[in-house]
Amino acid sequence: MGEARDDAAAMRAAVKRLSFGTSEERAEAAEEVGRLARSDERRKRLLPELGVVPPLVSMLADARGGGPGARMAAAWALLELARGAYRNKVHIVQAGLLKKLPLLMDDKDLSRSEELALLLYSISSLANTDFPLASSELLPFLVAVLNADDAPADTKLSCLATLHNLSTKLEHVRDVVSSGAVRALLALSLDRKTSAAALSVLGDLAATAAGRKEMEEDETAPRALVEAMTWHDTPRCQEHATYLAMVLAHGSRLQRRRMRQLGVVQALLEVSLLGSPLAQRRAAKILQWFKEEGQSRIRAHSGPRMEDASSASCHGSDVGGGGADDDGEGAKDCRNAVDRIVKQSLDRNMKSILRRATASVDLTNVKLLVGSSSSKSLPCETQLHP
């Protein structure tokens, strides 16, 4: 009973100092609120009811109220209050945190801090509830941090996790796409520290028509995906990149041409032989599309096969002794025949490569099956060699 009274007195004192204390006292009170919220779930629930949230949010946006140290202490206290507490997150949003985010951009230490990024990530979980979270107020800050060269990788990863929470809800996807997040995500997909998380969010966006359209219109998308496919030491990146390549290549001949020019076929062949089972299946599927597209192009442009006539026109004017018109037609027939032979050779090579890729996937599945089988089902050595 006495301990409860002491806790209540400590919380009331912290609230009083937050509201009426000097700059130093407010910073100390914010740290005290953070410690109280972290130490006990009951205290965490009681503190917002005592009114700590509004002064903490005001302190966070007040550049003159105690300096960077006080603002960081307020961010940490709000983070501890928000962890795992739905009602506290609602209190923080209702106190106007999201509306004050533009005021935080001038403070590089605060806006690039992991504490603030984690606070926004915690609050973004409200997107998966019935609470009307205004993503349009949150997104400009997130995109600015993701585009900032001086933002640490950990801070960017927290912002990417926040974007993931928003992108899983259809009502927020359009805001995410229109915020310029796609270009920032494509740039981060080229950084090994942030690539897997960025590609994962792009996968969420690509599931919608607006997200696919934005990616198709961005010329950097094919290069980013092809680059990620070459990272054999990061299978998750390859899996995400091959999925996105499937999405883009399936509906756009322009995207397939861009990818081919960037060497996607070679990258896909390597993934189909060296990647994870999931990445191998996806790579083999895309290669099949390229193969079928090549076959349809051959069927559309090649006429009936007349090897004798082609051979005659290719090997000179021994037959017919025609003039300039005959020579022109012969040269054209020769070029067509050579093109046809080259395309047929490429088609045979693609079939061989696809057979190897399929065999590799099947062999991996067999190995997994054998590895998961119980050793008791195998005859022991003494049974084999009595």
Side-chain angles (χ1 to χ4, degrees), residues 153 157 160 164 185-207 212 215-216 218-295 342-373:
L157 287 172
L160 288 170
H164 173 71
L185 291 168
L186 289 169
L188 290 174
S189 69
L190 296 172
D191 185 339
R192 287 178 177 265
K193 294 179 181 178
T194 56
S195 180
L199 290 170
S200 177
V201 179
L202 285 171
D204 296 333
L205 299 177
R212 287 193 299 273
M215 290 185 63
E216 289 172 358
D218 197 312
E219 296 183 356
T220 64
R223 183 176 72 88
L225 300 183
V226 173
E227 177 71 17
M229 287 183 202
T230 63
W231 298 342
H232 297 294
D233 56 336
T234 53
R236 292 294 294 169
C237 290
Q238 287 188 330
E239 291 170 2
H240 292 314
T242 49
Y243 168 74
L244 290 167
M246 287 180 69
V247 172
L248 295 183
H250 183 262
S252 173
R253 180 172 294 180
L254 174 62
Q255 292 295 327
R256 291 195 294 270
R257 183 166 69 248
R258 287 176 178 173
M259 291 182 190
R260 190 191 294 272
Q261 291 171 348
L262 291 168
V264 72
V265 173
Q266 178 65 30
L268 288 169
L269 292 174
E270 293 178 2
V271 173
S272 68
L273 296 174
L274 304 174
S276 67
L278 178 58
Q280 286 180 341
R281 290 193 296 271
R282 290 173 174 172
K285 183 65 175 178
I286 304 171
L287 286 171
Q288 182 70 27
W289 291 343
F290 278 109
K291 171 179 172 290
E292 292 172 354
E293 184 180 42
Q295 287 178 332
V342 169
K343 290 175 180 176
Q344 291 169 354
S345 175
L346 289 173
D347 186 51
R348 285 195 298 269
N349 290 339
M350 183 65 76
K351 287 181 179 178
S352 174
I353 291 166
L354 285 172
R355 282 197 300 271
R356 290 171 57 196
T358 304
S360 175
V361 174
D362 292 341
L363 181 59
T364 301
N365 292 336
V366 170
K367 288 181 177 179
L368 291 173
L369 180 61
V370 172
S372 63
S373 300

Between E239 and A279 (side chain of the first, backbone of the second, donor and acceptor by atom type, cut-off under 3.5 Å), is there such a pair?
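A pair under 3.5 Å: no.
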Is it the case that the side chain of T194 and the backbone of L188 share a donor-acceptor pair, with hydrogens and angles ignored and the cut-off at 3.5 Å?
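Checked: pair present.
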[atom2] on [Y] to [atom1] on [X], rounded to 0.5 Å:
X	Y	atom1	atom2	answer
T242	L278	OG1	CG	6.5 Å
S189	E227	OG	CD	9.0 Å
M215	R212	CE	CZ	10.5 Å
I286	L269	CD1	CG	11.5 Å

Hey, does S195 have a side-chain heavy atom less than 4.5 Å from the side chain of T234?
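Side chain of T234 against side chain of S195, heavy atoms only: no contact under 4.5 Å found.
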Are any of the side-chain heavy atoms of Q266 and E270 separated by less than 4.5 Å?
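Side chain of Q266 against side chain of E270, heavy atoms only: contact under 4.5 Å found.
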Do R192 and W231 meet the cation-pi criteria used here (NZ or CZ under 6.0 Å from the six-membered ring centre, within 45° of the axis)?
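Ring-cation test returns yes.
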Would the number of heavy atoms belonging to other residues, nucleotides or ligands and lying under 6.0 Å from NE2 of H250 be above 12?
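Result for NE2/H250: open.
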Of all the heavy-atom pairs spanning A245 and M229, show the shortest one and how long it is.
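Result for this residue pair: CB-CE, 3.4 Å.
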Just do the side chain to side chain contact (heavy atoms under 4.5 Å, CB included) check on T220 and L190 with the steps written out, would you?
CA-CA 10 Å; T220 64; L190 296 172; over 6 Å; no
